[in-house]
Number of protein chains: 2
Amino acid sequence: MLNCLKAIALLKNVALRPTKQRIALTKILFQDNYLHVTAEQLHSEAIRKGYKISLATVYNALNRFKEAGIVKQVLVEPGKIYFDTNTEPHHHFYIEETGELLDVSDDECKIASLPIIPAEYTVNQVEITIRLEKSKDADPRSRN
Amino acid sequence: MLNCLKAIALLKNVALRPTKQRIALTKILFQDNYLHVTAEQLHSEAIRKGYKISLATVYNALNRFKEAGIVKQVLVEPGKIYFDTNTEPHHHFYIEETGELLDVSDDECKIASLPIIPAEYTVNQVEITIRLEKSKDADPRSRN
DNA sequence: ATAGCTGCAAATGCTTTGCAAGGCC
DNA sequence: GGCCTTGCAAAGCATTTGCAGCTAT
């Protein structure tokens, strides 16, 4: 868990005012492991930890964090925005049944050949989403 | 452009009742080239062509088409669902400025190495989204 | 002091749903 | 005839916004 000083430093680094609420969210988000959350999930977690913060502020903060480049958004489900604290180029497993999102490092998932890019355009981002489902025969011992 | 008979055949093939509205949408969607549309865009196009159909029906129809496996949905922008008439495994260019979505065939974009799949899960779908933006120096002649 | 945040509630935008009327087999 | 589909309007859900009051610099 980040302490307050580090949270404040992180926010000042990207020219965002370190308000109580942003510090709280920063402490929750930037731990050792990367996190994938929706605004709603982050809000619940903040409330659970005893912080006083409104959902609208969580949305505002996440959008500022995104503009500042310290989180990025991931689209895997219609009508829902996930935010990812891993801003390095990387990819995802997505488990639809549970809504779980897992990081796949750029090294683990190399692209052999990119297509020809349309004229006058440049690549901004390449994202691979690997959608998973529970195996039909999860237990090999039960097979005939 | 598909004729009515082919549209009806297509719908019967997937056990969907060939109603006037579904036939109209089928005729618009399944042309020679693959299409990427939102429900709203498809509705406008249908109205423009003189068909009488409500937006709710377009949503309903697209969801049935998706269940039937003749279109699939693509998520590239928050709060918007694109439908793609190409149901083969393939990938996409996405141009954020214009909202344009372009197909990239599976052959043009090969993955060299997939990561290790978590135990008890199997891969359902692998999607690559290549986000493009206009090049800063679109005209090479203007360079120093 | 002042520019920028917060929180509430209201608004928005896309999508879904309930239900009565109409259409397909 | 019976079941499915349509269309409208209303509901739903995630997200954004307006504005008054508060806070960091």
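This structure is a prediction, so every number in the text was calculated from the model and none was measured.
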message = Under 4.0 Å, heavy atom to any atom of DNA chain C: which of residues 16-26 of chain B qualify?
response = B/Arg17, B/Pro18
Rounded interatomic separation in angstrom, taking CZ from B/Arg64 and P from C/dT17 = 10 Å
inquiry  = Running the 4.5 Å side-chain criterion over Ile, Leu, Val, Met, Phe, Trp and Tyr, what cluster does A/Val76 land in, apart from itself?
reply    = A/Val74, A/Tyr82, A/Tyr94, A/Leu101
ask   = Which angle, rounded to 10°, do you find between the first-five-pair axis and the last-five-pair axis of the helix from C/dA1-D/dT25 to C/dC25-D/dG1?
value = 30°
message = A/His43: which residues meet the ring pair (Phe, Tyr, Trp, His ring centres under 6.0 Å) condition with it, sequence neighbours left out?
response = none
query = If you link I, L, V, M, F, W and Y whenever their side-chain heavy atoms are under 4.5 Å apart, who else ends up in the same group as B/Ile116?
reply = none
Heavy-atom donor-acceptor pair, B/His90 side chain to B/Ser105 backbone, under 3.5 Å = no
message = When you measure from the side chain of A/Lys49 to the backbone of A/Ala24, do you find a donor-acceptor pair of N or O atoms at a distance under 3.5 Å?
response = no
message = What residues from residues 74-81 of chain A pass a heavy-atom cutoff of under 4.0 Å to DNA chain D?
response = A/Gly79, A/Lys80, A/Ile81
query = So do the side chains of A/Thr85 and A/Phe65 get within less than 4.5 Å of each other, counting heavy atoms only?
reply = no
query = By side chain to side chain contact (heavy atoms under 4.5 Å, CB included), which residues pair with B/Asn60, not counting sequence neighbours?
reply = none
task = Would you indicate, yes or no, if C/dT16 has its OP1 or OP2 atom less than 4.0 angstrom from a side-chain nitrogen or oxygen of B/Asn60?
result = no
message = Suppose we screen for side-chain hydrogen bond (donor to acceptor under 3.5 Å, both in side chains). Which residues come up paired with A/Ser54, at least two apart in sequence or across chains?
response = A/Thr57
query = Which residues pass the salt bridge (Lys or Arg N to Asp or Glu O under 4.0 Å) test with A/Glu40, sequence neighbours left out?
reply = none
Chain A footprint on DNA chain D, 5' to 3' - any atom under 4.0 Å from a heavy atom = D/dA14 to D/dT25
request  = Could you walk me through whether B/Asp84 and B/Asp103 pass side-chain contact (heavy atoms from CB on, under 4.5 Å), step by step?
outcome  = CA-CA 9 Å; B/Asp84 186 344; B/Asp103 274 4; 3.6 Å; yes
Rounded distance (Å) that lies between atom C1' of C/dG23 and atom CD1 of B/Ile8 = 14 Å
query = Between B/Asn63 (CG) and C/dC14 (C1'), how many Å, whole number?
reply = 12 Å
key: Contacts of type salt bridge (Lys or Arg N to Asp or Glu O under 4.0 Å), residue B/Glu96, not counting sequence neighbours   = B/Arg131
request  = Linking directly or through intermediates, with side-chain heavy atoms under 4.5 Å: list the remaining ILVMFWY members grouped with B/Tyr59, chain and number order.
outcome  = B/Leu55
remark   = When rounded to whole Å, the OH to P distance for the pair A/Tyr59 and C/dA11 reads 19 Å
message = For B/His92 and B/His36, take the angle between the two ring planes, folded into 0 to 90°, and tell me which bin it lands in: parallel under 30, tilted 30 to 60, perpendicular over 60.
response = perpendicular
task = Starting at atom CD of B/Glu40, determine the distance to atom C1' of C/dG13, rounded to an integer number of angstrom.
result = 9 Å
request  = Please state how far atom NZ in B/Lys66 lies from atom P in C/dT15, giving the value in whole angstrom units.
outcome  = 10 Å
